[in-house]
Amino acid sequence: MTGVVEGFATIIAVITLGWGLARIGLFDLAAQQMLSKLAFYVASPALLVTVLSEADVTTVLSANLIATVAAVLVVVTVYVLLARFAFRQDLADTVVGALSASYVNAGNLGLPIAAYVLGDAALVAPALLLQMLVLQPLALTILDSAVAERRLSPWQIASRPLRNPLTVGSIVGVLLSVTSTPLPRVVHDPLELVGGMAVPGMLIAYGISLRLGPRPGTGGRPRLLWTIVTLKMVVQPLVAFAVARYALDLDGAELLAVTVIAALPTAQNIFVIASRYERSTVLARDAIFASTILSVPAVAIVAALLA
């Protein structure tokens, strides 16, 4: 449990710093937008290049990947149907909502929890790489098309991912990894330095939004918010557990890893993506806030039952 507490405490501390900076008037909403753009366009792509270039991307092809994919597909499908027929969201808002309901905090929380609770940091790799290489690029491509001022041609849609900095960073990092090409130190070190701004930048921007935006839970459409939180914190881990246990016959550490990782909260970069496209920003922020609070007991319960 030490890893769970330390992981959450670190994130909450940096978010609180952002809240405090806004509280004393040092940062305003313009600063929050600047930090979000810096994280999206500059720091996150640099982080993706350095992380993925040093990762073993073949680890994504493991047994628990199937359970992870199944849980994401179920949650996204249910949310898209609800968004279309119950909540009447447009395409861009639906994408942000689906990400909020399915995209786990595999980096900031997943890595320390996998290391300290599960005993092996590599266990989070399938979820981490699946999100960075498949889910995020696909969602960004749809968002780019959805917010375009005019109808895009098939070529423009196909080439859209190559114009998105996060997708480009992922592609470059994967190419470096699969070709076993090390980055020269003169390139790697500046990228690593700039990439180091990504996570704290996201968290500080999020903290500013908590202080200056509507109070969490008061941004409107509470039913929609709690639908997302329920899908994220209840449905996703249950589906992951059921597929892993009864379809794949996993047990022990592998079953625990799949379920714990599915019970992680919504990742902070969903707030950055929502801010970049100016769609469902408050909803994404509130989903992160609620799921982060609820994931503490959720991860503890899963670990106690399956460890």
Side-chain angles (χ1 to χ4, degrees), residues 2-48 93 96-97 99-100 103-113 165-166 190-222 224-226 228-229 232-233 264-297 299:
T2 303
V4 177
V5 174
E6 289 178 348
F8 280 102
T10 300
I11 285 178
I12 291 170
V14 182
I15 291 173
T16 302
L17 173 62
W19 186 92
L21 292 172
R23 176 70 179 81
I24 64 176
L26 189 61
F27 282 177
D28 56 12
L29 286 175
Q32 180 249 309
Q33 284 290 326
M34 182 274 293
L35 283 171
S36 295
K37 288 181 178 180
L38 181 66
F40 185 90
Y41 286 104
V42 182
S44 292
L47 179 65
L48 288 169
D93 289 323
V96 174
L99 287 174
S100 299
Y103 200 106
V104 305
N105 193 334
N108 301 341
L109 279 176
L111 287 172
I113 287 176
L166 298 183
L191 282 176
E192 188 173 50
L193 190 63
V194 172
M197 294 190 295
V199 173
M202 292 177 198
L203 297 177
I204 291 172
Y206 181 74
I208 295 170
S209 175
L210 285 177
R211 175 65 183 89
L212 300 181
R215 282 184 302 149
T218 62
R221 309 197 75 174
L224 177 57
L225 169 63
W226 289 109
I228 289 174
V229 173
K232 178 72 217 61
M233 301 311 304
L264 293 174
T266 305
Q268 276 82 16
N269 58 321
I270 304 307
F271 173 73
V272 173
I273 291 171
S275 299
R276 157 64 182 85
Y277 291 96
E278 299 181 350
R279 305 304 291 263
S280 296
T281 306
V282 174
L283 179 65
R285 185 204 67 179
D286 288 356
I288 294 166
F289 180 82
S291 64
T292 299
I293 291 175
L294 292 174
S295 65
V296 179
V299 170

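Considering every non-hydrogen atom in both Ile288 and Ala267, the closest pair reads CD1-O, 3.5 Å. Taking every heavy atom of both residues into account, Val96 and Ala274 meet most closely at CG1-CB, 3.9 Å. A pairwise comparison of heavy atoms in Leu99 and Thr266 identifies O-CG2, 4.3 Å as the closest pair. The two atoms that bring Ala287 and Ile228 nearest to each other are CB-CG2, 4.0 Å, heavy atoms only. The two atoms that bring Ile270 and Ser100 nearest to each other are CG2-OG, 3.6 Å, heavy atoms only. The nearest pair of heavy atoms linking Pro45 to Phe40 is CD-O, 3.3 Å.
By the 4.5 Å heavy-atom criterion applied to side chains, Ser44 and Met202 are counted as neighbours. Between Lys232 and Val104, the closest side-chain pair of non-hydrogen atoms falls below 4.5 Å. Ser295 places none of its side-chain heavy atoms less than 4.5 Å from the side chain of Leu264. Using a 4.5 Å cut-off on side-chain heavy atoms (C-beta onward), Leu283 and Arg221 make no contact. Side-chain contact check for Val194 versus Val42: some heavy-atom pair is nearer than 4.5 Å.
In this structure, CD on Glu192 lies 9.5 Å from CG on Leu47, to the nearest 0.5 angstrom. Note that CD of Gln33 and CG of Asp28 are 10.5 Å apart. Values are rounded to the nearest 0.5 Å. A distance of 7.0 Å separates CG of Asn105 from OG1 of Thr292, quoted to the nearest 0.5 Å. The CG atom of Asn269 sits 11.0 Å away from the OG atom of Ser36 when rounded to the nearest 0.5 Å. Summarising the geometry, atom CD belonging to Gln268 is positioned 12.0 Å from atom CD1 belonging to Ile204; distances are rounded to the nearest 0.5 Å. Atom-to-atom distance recorded for Arg211:CZ and Gln32:CD is 14.0 Å, nearest 0.5 angstrom.
A side-chain donor-acceptor contact under 3.5 Å links Arg285 to the backbone of Ser209.
A side chain to side chain contact (heavy atoms under 4.5 Å, CB included) with Phe271 is found for exactly one of Val282, Thr281, Asp286, Leu203, namely Thr281.
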Exercise. Tell me, with the steps shown, if Leu212 and Phe27 meet side chain to side chain contact (heavy atoms under 4.5 Å, CB included).
Key: CA-CA 10 Å; Leu212 300 181; Phe27 282 177; over 6 Å; no
Self-check item: Step-by-step side chain to side chain contact (heavy atoms under 4.5 Å, CB included) determination, Phe289 to Tyr206
Solution: CA-CA 9 Å; Phe289 180 82; Tyr206 181 74; 3.0 Å; yes
